[in-house]
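Below is one structure, written out as structure tokens; the observations come after it.
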Amino acid sequence: MPSKESRALRFLYHTVPGRVVLRILISPVISKVAGAYMNTQLSKIHIKGFIKRANIDMSLYEETDYASFNDFFTRKIKLDVRPLAESPDSLASPCDGKMSVYNIERDSTFKIKNSRYSVADLIGDELKAEDFEGGTCVVLRLCVDDYHRYGYVDDGEIISRRHMKGKLHTVRPIALAQYPVFVQNTRECTMIETKTFGMIAQIEVGALMIGRIENYKKRGEVSKGEEKGKFLYGGSTIVLLFKKRAVSIEQEYFDATERDEEIPVKFRSEIGRKGLNI
């Protein structure tokens with residue numbers, strides 16, 4: 001039997017009245033109001049129920065007295081349960097999430113679920129998009145029960161960071177069939193000159209009811225596994241773009257993506273290795 005959440009999403013995305021309600025829900029004003037509420041002490045009443053419904057193992061997280069629901073949602077994990085992939089050639093996952101992998105086509109577009117997206121749409125720059133032709137796209141989808149802090153995949157230096165406003169649609173698969181979600185959602189693209197993989201793009205994508213994507217640094221050096229930022233309440237997505245032959249990822253990930261399956265990965269674990277052209 002479909003869950004209440006699934007029924008609600010079907011109503012929002014597959015009925016005319018639902019789409020009217022959705023237009024209201026995805027407005028920046030509504031998102032800001034909801035985000036402001038989640039920062040209040042009153043929102044703490046939702047924490048216990050959320051932990052039970054999502055079956056979250058709180059022993060993995062640092063013990064503290066949460067000031068609000070968002071304070072709980074962005075709780076810090078004990079780093080000893082997320083050991084860093086220390087090999088110089090390893091690509092560290094930027095987050096906990098469900099991973100899909102795609103080859104970037106010659107025309108710089110690739111398929112995510114039932115929609116196609118261009119690299120230029122994601123990074124907001126047609127000229128830079130050409131640099132990733134023939135490269136690799138890694139998509140990591142975070143669910144609401146995942147750890148919502150994320151990090152850098154390698155040592156390197158931030159070259160630029162760009163914020164792109166958008167409408168905040170949910171990143172659940174049911175939404176992907178109806179909207180070009182990664183294009184419409186608020187996102188931030190950071191271009192990083194990495195030590196192992198050359199120039200990469202790391203894009204954080206906001207989702208329904210997320211008011212902010214909080215990245216800490218605009219410029220400067222970064223370290224593999226270092227915390228880059230955090231998402232506030234909601235499901236979210238991180239996209240990594242690599243140039244041609246910059247990264248080597250096991251074929252099993254590509255095969256799973258072809259079957260429309262996502263592979264769970266953990267923050268700071270190895271998800272790839274140094275490619276052939278670096």
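Here the structure is a predicted model, which is why all the values come from computation and not from measurement.
Counting only heavy atoms from C-beta outward, the side chains of Pro94 and Gln202 approach each other to under 4.5 Å. Taking the side chain as every heavy atom from C-beta outward, Ile200 and Tyr152 never approach each other to under 4.5 Å. Side-chain contact between Ile77 and Glu62: absent, with no pair of heavy atoms (C-beta onward) separated by less than 4.5 Å. When side chains are defined from C-beta on, Val247 does not count as touching Arg273, because their heavy atoms never get closer than 4.5 Å. At a threshold of 4.5 Å between non-hydrogen side-chain atoms, the residues Ile203 and Ile238 do not count as touching. At a threshold of 4.5 Å between non-hydrogen side-chain atoms, the residues Leu140 and Ser93 count as touching. Using a 4.5 Å heavy-atom threshold, the side chains of Lys128 and Met191 count as touching. Residues Ile51 and Met58 are in side-chain contact: their nearest non-hydrogen atoms beyond the backbone lie under 4.5 Å apart.
Pairing each heavy atom of Val139 with each of Cys137, the nearest pair is CG2-SG, 3.8 Å. In plain terms, the two heavy atoms of Val101 and Val138 that are nearest each other are CG1-CG2, 4.4 Å. Listed here is the closest heavy atom pair of Cys189 and Met164: CB-CE, 3.7 Å. Nearest heavy-atom pair, Ile263 versus Tyr253, reported as atom, atom and distance to 0.1 Å: CD1-CD2, 3.6 Å. Taking each heavy atom of Ile123 and Leu241 in turn, the nearest pair found is CG2-CD1, 3.7 Å.
Residues Leu60 and Leu84 are members of separate hydrophobic clusters, defined by side-chain heavy-atom contacts under 4.5 angstrom among Ile, Leu, Val, Met, Phe, Trp and Tyr.
Between Phe73 and Phe50, the ring-plane angle classifies as perpendicular under the 30° and 60° cut-offs.
Evaluated for a side-chain contact (heavy atoms from CB on, under 4.5 Å) with Phe197, the options Leu91, Leu240, Ile192, Thr136 yield exactly one hit, Leu91. Shown are Lys228, Arg149, Arg187, Arg161; of these, the salt bridge (charged side-chain N to carboxylate O under 4.0 Å, His left out) with Glu204 is made only by Lys228.
In summary, Arg162 and Glu188 do not engage in a salt bridge, as defined by a charged side-chain N under 4.0 Å from a carboxylate O. At a threshold of 4.0 Å, the pair Arg141-Asp146 does not count as salt-bridged, since none of the basic side-chain nitrogens sits closer than that to a carboxylate oxygen. Contact check on Arg219 versus Glu157 returns no salt bridge, with no Lys/Arg side-chain nitrogen under 4.0 Å from an Asp/Glu carboxylate oxygen. Between Asp96 and Arg82, at least one side-chain nitrogen of the basic residue sits less than 4.0 Å from a carboxylate oxygen of the acidic one, meeting the salt-bridge criterion. With salt bridges taken as basic N to acidic carboxylate O contacts below 4.0 Å, none links Glu227 and Lys217.
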* Check the pair Arg268, Leu79 against side chain to side chain contact (heavy atoms under 4.5 Å, CB included), reporting the backbone distance first and the verdict last. => CA-CA 9 Å; Arg268 292 160 54 101; Leu79 286 186; 4.2 Å; yes
* To do: Report the C-alpha separation of Asn55 and Asp145 in whole Å, then their side-chain angles, then the decisive distance to 0.1 Å, and conclude whether the side chain to side chain contact (heavy atoms under 4.5 Å, CB included) test is met.
  => CA-CA 8 Å; Asn55 195 28; Asp145 56 331; over 6 Å; no
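Judged by distance alone, the side chains of Lys218 and Ser160 never bring a donor and an acceptor atom under 3.5 Å apart. Counting only N and O atoms by type, the side chains of Lys224 and Ser90 include a donor and acceptor under 3.5 Å apart. For the residue pair Asp89 and Ser87, no side-chain donor N or O sits within less than 3.5 Å of a side-chain acceptor on the partner.
Side chain of Asp154 to backbone of Thr194: no donor-acceptor contact under 3.5 angstrom is found. Looking at Ser43, its side chain does come within 3.5 Å of a backbone N or O of Phe69 through a donor-acceptor pair. Between the side chain of Glu226 and the backbone N or O of Ser223 there is at least one donor-acceptor pair closer than 3.5 Å.
In summary, the aromatic rings of His148 and Phe267 are positioned with their centroids too far apart to meet the 6.0 Å limit. Aromatic rings of Phe231 and Tyr150 (six-membered ring for Trp) have centroids within the 6.0 Å cut-off, being under it.
Applying the side-chain hydrogen bond (donor to acceptor under 3.5 Å, both in side chains) rule to pairs touching residues 64-76 yields Asn39-Asn70, sequence neighbours excluded.
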